[in-house]
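To keep things clear, I will list the structure first and then write my remarks on it.
Quick note on labels: first sequence line is chain A, next is B, and so on, each numbered from 1.
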Protein chains: 2
Amino acid sequence: MKVSRKRKTLGAEEAVERLRAAGLRPTRQRVALAQLLGDAHRHISAEGLHREAGKAGMPVALATIYNTLHQFTEAKLLREVVVGSGRSYFDTNTGDHQHFYCEDDGTLIDIEGNAIEVAGVPTPPKGMAVDRVDVVVRVKRS
Amino acid sequence: MKVSRKRKTLGAEEAVERLRAAGLRPTRQRVALAQLLGDAHRHISAEGLHREAGKAGMPVALATIYNTLHQFTEAKLLREVVVGSGRSYFDTNTGDHQHFYCEDDGTLIDIEGNAIEVAGVPTPPKGMAVDRVDVVVRVKRS
DNA sequence: TCAACAGTTTGGAATCGTTCCAAACTAAAA
DNA sequence: TTTTAGTTTGGAACGATTCCAAACTGTTGA
Ligand SMILES: [Mn+2]
Ligand SMILES: [Mn+2]
Ligand SMILES: [Zn+2]
Ligand SMILES: [Zn+2]
């Protein structure tokens, strides 16, 4: 049987506060999305969030979903994760961490930032500064 | 002034041999592309190779470019590198190495495989095996 | 309290990289 | 040669994302 699991969403007030703190005007749509993204660590696509908003009875235009995801990313409320050339994922875990990526089903799984260590990164070319070091551990069904 | 630089391409015979060794039928188009990809380490997109083939007087249909790049990748003559969700790059360096990625202009720069070291990769989830560990050092103009 | 404005949302069209398709072509086998 | 399986092709189709201009709505400050 299929076990249905409730996802922990945010209260509206909390969402509004979060948006204000990030300097974003708390519109109906942004509040709804901030609530849906909630607290738990998750990896979600634009299409996925669009669908969730619809199911939750607060439909939001797809263009707005994209706008919002990018604004949230800019505001460090989200982090964009690129693993394949197709779609991109947005990660509610903005802390230092890396990912397992399952090529078979497109799943992402967090790897704690303190678990993994990258050593020996050379000095970037003149005039460049390191922004972030991304590690993707590609796994396959064995 | 703009300095024009010659790129080292392969001889036709050498390209044919390489294709044969990889179990690929040496068609006119595949030989042309193998020649263009040549010996030097480079990062190229499908569109880029399509344009180069045209300029070199051996036009190849874009669909064939994609077919060929994927077949070459399958045959380990190339390696596919994903850095952004837009286009994907094909890397003539198939050895163990990683990349700097400049977000400003989309440039890729190799990092020797023996320079960088990733430690502490956790055991993959049950039933999964590590295929490859990709490190992308994102840099920005500073 | 409310007009005015800047910021935001919207549906739909447009873009873009990539894949699909079925017909024409060609390298290799017989 | 012929045959055959594999390959190429242009153009249509696709899916994710972005663009657009019109409608809407938080916020401000009179
Ligand atoms: Mn993006
Ligand atoms: Mn591919
Ligand atoms: Zn994550
Ligand atoms: Zn490389």
Side-chain angles (χ1 to χ4, degrees), chain A residues 12-13 15-36 43-54 58-75 77-78 80-90 103 106 108, chain B residues 12-13 15-36 43-54 58-75 77-78 80-90 103 106 108:
Chain A
E13 334 67 41
V16 168
E17 190 173 336
R18 223 176 258 208
L19 291 169
R20 285 239 157 81
L24 292 169
R25 189 190 292 196
T27 64
R28 179 163 44 79
Q29 295 82 343
R30 296 213 267 231
V31 172
L33 298 180
Q35 287 190 250
L36 282 177
H43 306 108
I44 195 167
S45 67
E47 279 295 349
L49 186 56
H50 185 239
R51 222 172 311 115
E52 275 193 29
M58 3 177 144
V60 175
L62 187 54
T64 303
I65 298 279
Y66 277 103
N67 288 342
T68 306
L69 286 174
H70 285 134
Q71 292 152 356
F72 282 16
T73 301
E74 192 98 1
L77 264 41
L78 290 177
E80 196 170 353
V81 181
V82 177
V83 278
S85 67
R87 72 188 51 189
S88 80
Y89 289 96
F90 292 87
E103 322 231 42
L108 279 178
Chain B
E13 334 67 38
V16 168
E17 190 173 338
R18 221 176 260 208
L19 290 168
R20 286 241 155 80
L24 291 169
R25 189 190 292 197
T27 63
R28 178 163 44 81
Q29 295 82 344
R30 295 212 271 232
V31 172
L33 297 180
Q35 287 189 249
L36 283 176
H43 305 106
I44 195 167
S45 66
E47 280 295 350
L49 185 56
H50 184 239
R51 220 173 312 114
E52 275 193 29
M58 4 178 143
V60 175
L62 187 54
T64 303
I65 299 279
Y66 277 103
N67 288 342
T68 305
L69 285 174
H70 285 135
Q71 292 153 356
F72 282 16
T73 301
E74 192 96 4
L77 263 43
L78 289 177
E80 196 170 352
V81 181
V82 177
V83 278
S85 68
R87 72 189 52 189
S88 79
Y89 289 95
F90 292 87
E103 322 230 43
L108 279 178

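Considering only side-chain atoms of B/Arg30, the nucleotide from C/dG17, C/dT10, D/dT8 that sits closest is D/dT8.
At whole-Å resolution of the value, CD1 in A/Ile65 and C1' in C/dG12 are 17 Å apart. Computed from coordinates, the B/Arg51 CZ to C/dC16 P distance equals 13 Å when rounded to whole Å. When the P atom of C/dT18 is taken as reference, atom OH of B/Tyr89 falls 10 Å away, rounded to whole Å. The distance between atom CZ of B/Arg87 and atom P of C/dT18, rounded to the nearest whole Å, is 7 Å. Distance CG (A/Leu69) to P (D/dT18): 10 Å, rounded to an integer number of Å. A straight line from CG of B/Leu62 to P of C/dC20 spans 14 Å, rounded to a whole angstrom. For A/Leu19 and C/dG7, the CG to P distance is 17 Å, given to the nearest whole Å. Rounded to a whole Å, the CD1 atom of B/Ile44 is 14 Å from the P atom of C/dG17.
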In B/S/- notation (B base, S sugar-phosphate only, - none; protein heavy atoms under 4.0 Å), nucleotides 19-30 of chain D written 5' to 3' is B------BS---
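Between the side chain of A/His50 and the backbone N or O of A/Ala46 there is no donor-acceptor pair closer than 3.5 Å. Listed for the A/Arg20 side chain is no donor-acceptor partner under 3.5 Å among the backbone atoms of A/Pro26. Formation of a donor-acceptor pair under 3.5 Å by the A/Arg30 side chain with backbone atoms of A/Arg25 is found in this model.
For the atom pair CD of B/Gln35 and CG of B/Leu19, the computed distance is 9.5 Å after rounding to the nearest 0.5 Å.
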Between A/Leu33 and A/Ile65, does the side-chain contact (heavy atoms from CB on, under 4.5 Å) criterion hold? Intermediate values first, please. CA-CA 8 Å; A/Leu33 298 180; A/Ile65 298 279; 3.8 Å; yes
Would B/Glu47 and B/Arg51 count as a side-chain contact (heavy atoms from CB on, under 4.5 Å) here? Give the steps. CA-CA 6 Å; B/Glu47 280 295 350; B/Arg51 220 173 312 114; 4.0 Å; yes
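Side-chain nitrogen and oxygen atoms of B/Tyr66 include none within less than 4.0 Å of the OP1 or OP2 phosphate oxygen of C/dT19. Between B/Ser88 and C/dT18 there is a side-chain polar atom (N or O) within less than 4.0 angstrom of OP1 or OP2.
Closest approach of A/Thr73 to A/Leu69, counting heavy atoms only: OG1-O, 2.7 Å.
In terms of position on DNA chain C, the residue among B/Ser45 and A/Pro59 whose nearest nucleotide sits closer to the 5' end is A/Pro59.
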